[in-house]
Amino acid sequence: MSSRAKKGLITDWWWSIDRWFLAAFLILMIGGMVLSFAASPPVAEKIGLEPFHFVKRHALFLFPSIAAMLATSLLTPRGVRRMSIIMLAGSLVVMVMALFFGMEVKGARRWMDFGPLSVQPSEFMKPAFVVTCAWLFAERSRRPDVPGNLFSIMLLLVVTALLVAQPDLGQTILTSATWSCMFFMAGLSWVWITLLGGVGVVGFLGAYTVFPHVASRIDRFLTGEGDTYQTDTAREAILSGGWLGQGPGEGTIKRMLPDSHTDFAYSVIAEEFGIVSCMALSAVFCFVVVRGLSIAFNQRDTFNRLAISGLVMLFGLQSIINMAVNLHLMPAKGMTLPFISYGGSSMMAVAISAGFVLALTRKRAENVSQTDRLVERTLAFQAPYPAR
């Protein structure tokens with residue numbers, strides 16, 4: 001074990017990193033690898049691949065993702081900002097390219113092929129967008145003459161326009177909701193709250209009117225009529241698992257789920273490992289969000305506070321949407337469960353996001369709040385003088 005007295009990049013990183021966060025992220029990443037053995041083989045066999053095809057690919061993406069998370073966690077807050085701006089610009093360019101040259105899957109153009117790899121640029125756009133907007137909000141707070149709020153609104157419009165053009169309404173809602181939460185934390189007035197609420201209602205009605213598949217999913221959710229095979233099967237898998245599950249590899253209903261390795265991995269967990277395991281998994285996601293918001297509250301730097309809050313809210317909202325769809329609490333929407341569902345772009349992007357959180361929450365002198373400094377001074381003043 002490294003000593004505090006030794007100076008070095010790795011030593012400083014080890015003693016300054018939030019190990020609770022690091023443990024939670026590693027638990028989710030390793031848990032996703034283990035759970036892929038249960039969720040992936042039925043899908044692979046169904047489409048004519050060897051049973052462990054997706055398991056091997058999941059493992060192939062896992063190790064680079066862990067490396068990316070650890071490497072990103074070494075960055076300073078300035079490094080996080082710079083990397084986010086570069087990643088955001090690159091992601092937006094590739095998103096535009098995907099609209100013209102990307103492969104079409106189920107009527108959507110969200111992926112670009114780069115040799116043997118298929119990349120979904122919107123996944124990398126999300127954490128970069130959150131950090132960039134946090135910087136714009138912070139600059140507006142520090143220097144009122146800087147139109148940071150206006151620039152963030154313009155950036156939101158660009159991002160949502162590209163997502164709607166794909167179309168990807170789920171990611172549009174997720175990104176807009178996270179941005180709205182950050183804007184609220186940045187101190188927006190009630191006029192902005194009312195205006196944003198009205199825009200949200202108009203956007204929802206517009207999506208319902210313009211996109212037939214959105215209207216169909218909402219109608220099926222509200223009425224229970226039509227093709228509800230996926231959500232009904234997912235709910236049946238959850239109920240069949242009971243409290244402790246059928247046992248590893250013993251699930252049968254999972255074989256009927258078309259996307260058991262991605263969108264409905266949570267249902268497979270419930271069937272084979274039980275509702276207790278699902279509750280434990282949900283508790284880990286909840287821990288990440290609550291701890292992130294708690295640490296953000298004590299940050300002195302506005303950028304750190306907004307960036308940490310935005311990243312953990314993005315992480316939490318995506319988890320909630322996936323689990324709510326599995327539990328039939330909201331209309332079906334294809335969205336992965338962070339670190340658990342299969343998907344190379346999703347895993348790598350969430351790993352980078354986790355690395356940003358680890359980097360921004362590292363113990364630094366400038367991150368200590370005034371309250372903590374006051375407590376330290378009080379304790380030092382009350383400490384007894386050494387005997388002479």
Side-chain angles (χ1 to χ4, degrees), residues 60-105 108-139 148 150-172 174-176 178-179 182 303 306-308 310-311 313-315 318 335-336 338-339 343-360:
L60 184 65
F61 292 125
L62 176 63
F63 296 105
S65 297
I66 294 177
M69 180 182 71
L70 297 178
T72 308
S73 69
L74 294 169
L75 295 173
T76 62
R78 178 177 293 182
V80 171
R81 287 197 298 268
R82 290 176 176 176
M83 179 176 173
S84 297
I85 293 173
I86 294 172
M87 190 164 70
L88 177 63
S91 299
L92 293 178
V93 170
V94 180
M95 288 174 69
V96 173
M97 293 173 58
L99 295 177
F100 298 95
F101 309 108
M103 61 178 180
E104 183 174 341
V105 179
R109 292 185 179 272
R110 305 171 187 169
W111 294 268
M112 274 292 294
D113 286 333
F114 295 96
L117 295 178
S118 180
V119 178
Q120 188 175 356
S122 60
E123 292 288 350
F124 296 92
M125 174 276 298
K126 292 184 295 184
F129 170 77
V130 166
V131 173
T132 303
C133 286
W135 173 62
L136 292 172
F137 290 142
E139 286 298 300
L150 177 61
F151 288 157
S152 69
I153 292 173
M154 295 171 62
L155 185 58
L156 175 68
L157 294 175
V158 171
V159 167
T160 52
L162 289 174
L163 289 173
V164 170
Q166 289 183 351
D168 193 340
L169 275 299
Q171 300 283 21
T172 304
L174 175 61
T175 305
S176 301
T178 304
W179 180 89
M182 293 172 60
F303 165 72
L306 292 174
I308 295 169
L311 289 169
M313 283 189 291
L314 179 71
F315 186 83
Q318 181 169 336
M335 190 169 293
T336 58
F339 288 137
S345 294
S346 175
M347 185 184 299
M348 182 64 72
V350 177
I352 293 174
S353 180
F356 285 163
V357 172
L358 290 171
L360 295 170

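Keep in mind the model is a prediction, meaning the values are calculated, not measured.
The minimum heavy-atom distance linking M112 with F101 is given by the pair SD-C, 3.9 Å.
For the pair S345 (side chain) and Q120 (backbone), a donor-acceptor distance under 3.5 Å is present. S353 places no side-chain N or O within donor-acceptor distance of the main-chain N or O of A349, the cut-off being under 3.5 Å. The backbone N or O of T172 lies less than 3.5 Å from no partner atom in the side chain of T175, so there is not a single donor-acceptor pair. At distances below 3.5 Å, at least one donor-acceptor pair connects side-chain atoms of R110 with backbone N or O atoms of P167.
Between I352 and M83 there is a side-chain heavy-atom pair separated by less than 4.5 Å. With contacts defined as side-chain heavy-atom distances shorter than 4.5 Å, the pair F315/V357 does not qualify.
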* To do: I would like to know whether Q318 and T336 meet side chain to side chain donor-acceptor pair (under 3.5 Å); could you show each step before the answer?
  => CA-CA 8 Å; Q318 181 169 336; T336 58; 3.2 Å; yes
* **Stepwise side-chain contact (heavy atoms from CB on, under 4.5 Å) test for F129 and T178** => CA-CA 10 Å; F129 170 77; T178 304; over 6 Å; no
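Rounding to the nearest 0.5 Å places CD of Q171 at 4.5 Å from CE of M335. Note that CG of L162 is 10.0 Å distant from OG of S122, once rounded to the nearest 0.5 Å.
Few gaps surround CH2 on W179; more than 12 heavy atoms of other groups in view lie less than 6.0 Å from it. M154 CE: 12 or fewer foreign heavy atoms inside a 6.0 Å radius. Counting heavy-atom neighbours within 6.0 Å of F100 CZ, excluding the residue itself, gives a total of 12 or less.
Scanning for salt bridge (Lys or Arg N to Asp or Glu O under 4.0 Å) contacts around R109 gives E104, with sequence neighbours left out.
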